[in-house]
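Worksheet for the structure shown next.
Since the structure is predicted, the reported quantities are computational estimates derived from the model, not experimental observations.
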Amino acid sequence: VQLQASGGGLVPAGGSLRLSCAASGSIFSSSVLAWFRQAPGKEREFVAAIRWSNGYTYYADSVMGRFTISSDKAAKTVFLQMNSLKPEDTAVYYCARGAGLAYGPAQYKYWGQGTLVTVSS
């Protein structure tokens with residue numbers, strides 16, 4: 001399984017970006033696709049996740065109501081729509097695939113290469 005993240009960039013505070021994560025190979029129905037982020041000097045943190053089987057979604061409190069995770073099963077792609085961006089959202093965003101829902105990065109076996117999101121104040 002390979003994951004390819006894209007869509008990062010520079011955006012002013014209050015702006016929006018849409019990240020994409022294209023997966024190759026088989027995705028089991030029990031899989032969870034997630035987004036994590038890592039800011040300079042900080043640990044990688046959970047952002048959002050979606051169950052591949054039923055589309056149930058999960059969010060970190062810090063992004064609830066601003067970010068939306070979705071999936072296109074036919075295209076094997078997961079999206080992260082980010083609205084009302086804040087400078088503290090600045091980070092490298094990674095997509096990941098795991099066997100089940102987990103909020104820690106260690107439980108995810110497959111990772112994309114990361115895409116940088118920079119929010120200017």
Side-chain angles (χ1 to χ4, degrees):
V1 174
Q2 289 188 327
L3 301 172
Q4 182 75 33
S6 62
L10 174 64
V11 62
S16 298
L17 277 176
R18 189 192 197 202
L19 305 184
S20 299
C21 176
S24 61
S26 300
I27 302 178
F28 299 116
S29 60
S30 59
S31 295
V32 170
L33 277 293
W35 288 96
F36 284 77
R37 67 186 181 186
Q38 188 166 18
K42 295 188 177 181
E43 295 184 350
R44 193 167 297 189
E45 65 174 1
F46 173 84
V47 175
I50 186 166
R51 289 192 185 275
W52 199 247
S53 59
N54 56 21
Y56 284 8
T57 58
Y58 307 86
Y59 297 94
D61 289 344
S62 59
V63 306
M64 185 78 71
R66 300 188 297 123
F67 292 10
T68 302
I69 189 171
S70 61
S71 64
D72 181 336
K73 288 187 175 181
K76 290 196 289 186
T77 300
V78 175
F79 305 99
L80 185 68
Q81 178 67 43
M82 305 186 295
N83 298 328
S84 302
L85 283 161
K86 305 175 181 179
E88 52 263 44
D89 294 317
T90 294
V92 177
Y93 283 70
Y94 299 89
C95 59
R97 198 204 90 179
L101 177 65
Y103 295 99
Q107 282 69 44
Y108 290 82
K109 183 176 180 180
Y110 301 101
W111 290 85
Q113 84 287 6
T115 184
L116 177 62
V117 172
T118 304
V119 184
S120 62
S121 57

Residue pairs fulfilling disulfide bond (SG atoms under 2.5 Å apart) with at least one residue in residues 33-77, sequence neighbours excluded
none
Residue pairs involving residues 32-98 (criterion disulfide bond (SG atoms under 2.5 Å apart); sequence neighbours excluded):
C21-C95
When T68, I69, L101 are each screened for side-chain contact (heavy atoms from CB on, under 4.5 Å) with I50, the one that passes is I69
Shortest non-hydrogen contact from F67 toward V47
CD2-CG1, 3.7 Å
Under the disulfide bond (SG atoms under 2.5 Å apart) rule, what pairs show up with a residue in residues 38-72, not counting sequence neighbours?
none
Hydrophobic cluster membership, with links at side-chain heavy-atom distances under 4.5 Å among I/L/V/M/F/W/Y: are Y58 and L80 in one?
no
Locate the shortest heavy-atom distance separating Q107 from A102; write the atom from each residue and the value.
CB-CB, 3.4 Å
For R66, enumerate each residue passing the side-chain hydrogen bond (donor to acceptor under 3.5 Å, both in side chains) test, keeping only those at least two apart in sequence or located in another chain.
D89
Hydrophobic cluster identity match, L10 and L17, side-chain contacts under 4.5 Å
no
Is a side-chain donor or acceptor of K76 paired with a backbone partner of S26 at a separation under 3.5 angstrom?
no
With N83 via side-chain hydrogen bond (donor to acceptor under 3.5 Å, both in side chains) - residues at least two apart:
S16, Q81
Listed pairs under 3.5 Å, donor-acceptor, residues 112-121 side chains, sequence neighbours left out:
{"from": "Q113", "atom 1": "OE1", "to": "A5", "atom 2": "N", "distance (Å)": "3.1"}
{"from": "Q113", "atom 1": "NE2", "to": "A5", "atom 2": "O", "distance (Å)": "2.7"}
{"from": "T115", "atom 1": "OG1", "to": "G8", "atom 2": "N", "distance (Å)": "3.0"}

Is the count of non-hydrogen atoms from other residues, nucleotides or ligands lying under 6.0 Å from K109 atom NZ greater than 12?
no
Which atom of R97 lies closest to which atom of S31, heavy atoms considered
NE-OG, 3.6 Å
Mind checking whether L33 and Y59 sit in one hydrophobic cluster, side chains of I, L, V, M, F, W, Y counted as touching below 4.5 Å?
yes
Among all residues two or more places apart in sequence or in another chain, which pass the ring-ring contact (aromatic ring centres under 6.0 Å, His included) test with W52?
none
Provide the closest heavy-atom pair for K42 versus Q38 in the form atom of the first, atom of the second, distance.
O-NE2, 3.1 Å
Please name the pair of heavy atoms, one in A39 and one in T90, separated by the smallest distance, quoted to 0.1 Å.
CB-O, 3.7 Å
Flag yes if more than 12 heavy atoms outside Q2 fall under 6.0 Å of its CD atom; otherwise flag no.
no
Inter- and intrachain pairs under ring-ring contact (aromatic ring centres under 6.0 Å, His included), touching residues 79-102, at least two apart:
none
Begin with the C-alpha distance, continue with both residues' side-chain angles, and end with the deciding distance and a verdict on side chain to side chain contact (heavy atoms under 4.5 Å, CB included) for E43 and F36.
CA-CA 10 Å; E43 295 184 350; F36 284 77; over 6 Å; no
Tell me whether M82 shares a hydrophobic cluster with M64, the cluster being built from Ile, Leu, Val, Met, Phe, Trp, Tyr side chains joined at under 4.5 Å.
yes
Apply side chain to side chain contact (heavy atoms under 4.5 Å, CB included) to residues W111 and R44 and explain how you reach the verdict.
CA-CA 12 Å; W111 290 85; R44 193 167 297 189; 3.4 Å; yes
For A75, check side-chain contact (heavy atoms from CB on, under 4.5 Å) against everything at least two apart and list the hits.
D72, T77
Can you list the residues that meet the side-chain hydrogen bond (donor to acceptor under 3.5 Å, both in side chains) rule with Y108, with sequence neighbours excluded?
none
Listed partners of E45 passing side-chain hydrogen bond (donor to acceptor under 3.5 Å, both in side chains), at least two apart
R37
What residues form a ring-ring contact (aromatic ring centres under 6.0 Å, His included) with Y103, not counting sequence neighbours?
F46
